[in-house]
There are 2 protein chains.
Amino acid sequence: MTDWDDYPRPAVTVDVVIFTLREGDLQVLLIRRRNPPFQGMWAIPGGFIRIDESLEDAALRELEEETSVRDVYLEQLYTFGDPDRDPRGRVITVAYFALVPADAVRPRAGDDAAEARWWSMYHLPPLAFDHDKILAYALQRLRYKLEYTAVGFELLPETFTLSELQAAYEVILGEKLDKRNFRRKILSAGILEETGEYRTGEGRPAKLYRFRDDAVAEVKARRLFP
Amino acid sequence: MTDWDDYPRPAVTVDVVIFTLREGDLQVLLIRRRNPPFQGMWAIPGGFIRIDESLEDAALRELEEETSVRDVYLEQLYTFGDPDRDPRGRVITVAYFALVPADAVRPRAGDDAAEARWWSMYHLPPLAFDHDKILAYALQRLRYKLEYTAVGFELLPETFTLSELQAAYEVILGEKLDKRNFRRKILSAGILEETGEYRTGEGRPAKLYRFRDDAVAEVKARRLFP
DNA sequence: ACAAAAGTGTTGAGAGTACACCCATGC
DNA sequence: GCATGGGTGTACTCTCAACACTTTTGT
């Protein structure tokens, strides 16, 4: 820290891993790169930070550019900064991950993307830069958080049945769960309330639930540091 | 991500929160700033990244400059990037935290510090920049990790008694632990081995232990949800 | 002998896990 | 009435927390 201007500065970007649940699957939003390097390959949405916006604001801006949503779960994931991760030069990226309910989003291509679409986390295309590493880490973190917080709800629509909730957990964790134990535990946690409505379909109609606002607030309070 | 040169670049620094256990206390290494801004105030050691080194290498370099040690526990903590956190302009800092055994270190002042010394985490001086926030977060993370991993050992010398280990946990967690439960739990985790030596002093001599480096250190996390 | 720290077991409560059948509806 | 998914209870195991006295050494 000798002198302020002595050091060449890296470029700094923010990348946002956007997860959702669609088609009974855990999916992630990717964009196809319009420009070199890695032209035509798939990448996590992101972009350069602006000089007067916070990192979180930059992540929210990217998120909104790609999905038109705000007010979703967003958490800083990790900062990736290997000197050779971008062939154009030194680029450090602060990765975030976001959880959005599928029904709230219609992906749209941004400026630098020819195309944007959902991909299954379990069947990904080849990815630009070190984005495979970033996604692998994001999945690990999502699974881990699911085990001790209630973030799973952030991926579901406003109301849902217990079977839908259980299916969400199973898809993300990649394992089957016992129905009775799941229901007992989730109900005794006191974070759900019945809506009074039912979902009909094949078989017996299922009670619809929503998250209790106060419980969701508690989870949200714990989510982001500073 | 329109064009590479369109964006003014922020400066990027790495700050390293260096924890140790000394004098029966959890302490952190701070340096007194020689230059403005915040001249004369205490700060977490850190500095600008070099254009061709990775973030982790930069953190290791800072750590070695301040403490002359390598090969200690080092983990990326969080990236702080509010636009106004440094009055000189836009500076993003990638914070790391390091755990060093007290007997391995003799702090030394670096280039930009008039002075370097250990401070109790529980009696800190006023800090430069947003370093109070960084330290608060580092402590939270350290406590959290202590509950489900074996990182506590990284703060202790090569060999130690169970009472010393317990005292370390108590200082970091800020609470008293039951001796019998602590011993049973830590021994049944199978991560310690006896050295065969004893530490003598006042009272009955105590067995010395060391950490088994082949042990899987992760203590099973208790899940909030299935 | 006494001070000082090391070391040691049991019990009760609560949480987690495994497991199989009846219920309400649409067709 | 039958196919389909929704909904329910119990017994066993394991983990965690609370709690007090004996042992070994140095002086």
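Predicted, not measured: the structure shown is a model, and the values here were computed from it.
- Residue A:Ile186 contributes atom CD1, which lies 14 Å from atom P of D:dG7 at whole-angstrom precision.
- Between the CZ atom of A:Arg183 and the C1' atom of C:dT17 there is a distance of 18 Å, given to the nearest Å.
- Atom CZ of B:Phe182 is separated from atom P of C:dG7 by 12 Å (rounded to the nearest Å).
- The NZ atom of B:Lys207 sits 12 Å away from the P atom of D:dT25 (whole-angstrom rounding).
- Closest approach of A:Val14 to A:Ala58, counting heavy atoms only: CG2-CB, 3.9 Å.
- Atom CD of B:Gln166 and atom P of C:dA5 are 14 Å apart (whole Å).
- The two atoms that bring A:Pro101 and A:Val105 nearest to each other are O-CG2, 3.6 Å, heavy atoms only.
- Atom-to-atom, NZ of A:Lys185 to P of C:dG14 comes out at 17 Å; the value is rounded to the nearest Å.
- Rounded to a whole Å, the CG atom of A:Leu187 is 13 Å from the C1' atom of D:dG6.
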Report, as a single string ordered 5' to 3', how protein heavy atoms within less than 4.0 Å touch nucleotides 19-27 of chain C: B base, S sugar-phosphate only, - not at all.
BB--BBBS-
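- A donor and an acceptor atom, one from each side chain of A:Thr159 and A:Thr195, are nowhere located under 3.5 Å apart.
- Ring orientation note: the planes of B:Phe153 and B:Phe211 are close to parallel, at an angle under 30° on the 30°/60° scale.
- Here C:dG16 presents its P atom at 13 Å from CG of A:Leu177, a figure rounded to the nearest Å.
- In this structure, A:Ser163 does not reach the D:dG5 phosphate: none of its side-chain N or O atoms is under 4.0 Å from OP1 or OP2.
- A side-chain donor-acceptor contact under 3.5 Å links A:His131 to the backbone of A:Ile44.
- Between B:Leu21 and B:Ala102, the shortest heavy-atom contact is O-CB, 3.1 Å.
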